[in-house]
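Order of the sequence lines sets the chain letters (A, B, ...), proteins ahead of strands, with each chain counted from 1. Just the heavy atoms: all of them, side chains too, but no hydrogens, waters or symmetry mates, feed the values below.
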Amino acid sequence: DQQVKQNSPSLSVQEGRISILNCDYTNSMFDYFLWYKKYPAEGPTFLISISSIKDKNEDGRFTVFLNKSAKHLSLHIVPSQPGDSAVYFCAASIRTGGSQGNLIFGKGTKLSVKP
Amino acid sequence: DTAVSQTPKYLVTQMGNDKSIKCEQNLGHDTMYWYKQDSKKFLKIMFSYNNKELIINETVPNRFSPKSPDKAHLNLHINSLELGDSAVYFCASSHRNEQYFGPGTRLTVT
């Protein structure tokens with residue numbers, strides 16, 4: 001039973017345009033969400049996160065939006081660059097005592113940004 | 001200055017063998033983890049250690065055992081390897097919220 005779902009296995013975007021990666025979750029107890037980026041033969045790299053008390057978090061070209069009622073979050077990359085081509089994983093957790101609990105990952109979306 | 005390192009990067013072995021994967025972090029983090037990424041690309045947590053105490057142990061076979069000699073190391077020992085153990089294993093560490101991953105160890109059991 002997948003608690004975190006990324007329904008698009010791949011996405012292709014032109015350089016300079018916006019990339020939107022989507023993620024849905026089923027467990028309403030999740031209160032912390034993260035996006036990781038992964039290049040081939042490397043480990044996932046933390047990109048950006050958002051707490052459930054917020055609906056938006058921005059860091060440079062990356063913005064994460066959270067819609068708790070729809071149990072949906074998205075990652076926007078603007079403008080997209082060829083170096084952004086990677087697999088993007090959505091992850092969710094339930095924090096206890098201010099620390100992160102078990103991370104539940106989605107299956108990933110492979111983003112290709114074409115020059 | 002790699003933050004989270006794993007050795008070896010590749011490991012090819014035969015069924016029935018016992019093998020270990022080492023992990024070290026130089027971030028001073030309190031918690032370390034082992035994840036398995038299977039052929040379907042799902043990243044699933046196997047274990048975590050906080051101050052040398054096992055705090056999460058998902059339903060993994062007891063052939064897998066984590067060993068933490070100190071706060072900076074969490075090694076993964078696997079006994080009686082099976083074909084289904086073939087996967088990429090990632091080590092990670094965290095202080096509070098974000099986890100930082102190692103480069104992965106690709107284990108192939110033949």
For chain B, which residues of residues 41-61 of chain A have heavy atoms nearer than 4.5 angstrom: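 Interface residues of residues 41-61 of chain A: A:Ala41, A:Glu42, A:Gly43, A:Pro44, A:Phe46, A:Ser49.
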Chain B contact residues among residues 79-87 of chain A, heavy-atom distance under 4.5 Å: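 No residue falls under the 4.5 Å cut-off.
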Donor on one side chain, acceptor on other, B:Glu98 and A:Tyr36, under 3.5 Å: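 No donor-acceptor contact under 3.5 Å links the two side chains.
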Region of B:Lys9 in contact with chain A, defined by heavy-atom distances below 4.5 Å: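 B:Lys9 touches chain A through side-chain heavy atoms alone.
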Separation of B:Tyr35 OH from A:Leu103 CG (nearest 0.5 Å):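 Those atoms lie 4.0 Å apart.
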Proximity breakdown for A:Phe89 and chain B, heavy-atom pairs closer than 4.5 Å: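 Only the side chain of A:Phe89 comes within 4.5 Å of chain B.
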Going hydrophobic residue to hydrophobic residue with side-chain gaps under 4.5 angstrom, can you get from [X] over to [Y]?
X       : Y        : result
A:Tyr39 : A:Leu34  : no
B:Leu83 : B:Phe64  : yes
B:Phe42 : A:Ile104 : no
B:Val60 : B:Leu81  : yes
A:Leu75 : A:Ile18  : no

Exceeds 12 heavy-atom contacts within 6.0 angstrom, atom NZ of A:Lys110: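 For A:Lys110, atom NZ is not crowded (no more than 12 foreign heavy atoms under 6.0 Å).
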A:Arg17 atom CZ, over 12 foreign heavy atoms within 6.0 Å: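 No.
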Note, B:Gln37 side chain near A:Lys38 side chain (heavy atom, < 4.5 Å):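 They are in contact (side-chain heavy atoms under 4.5 Å apart), so the answer is yes.
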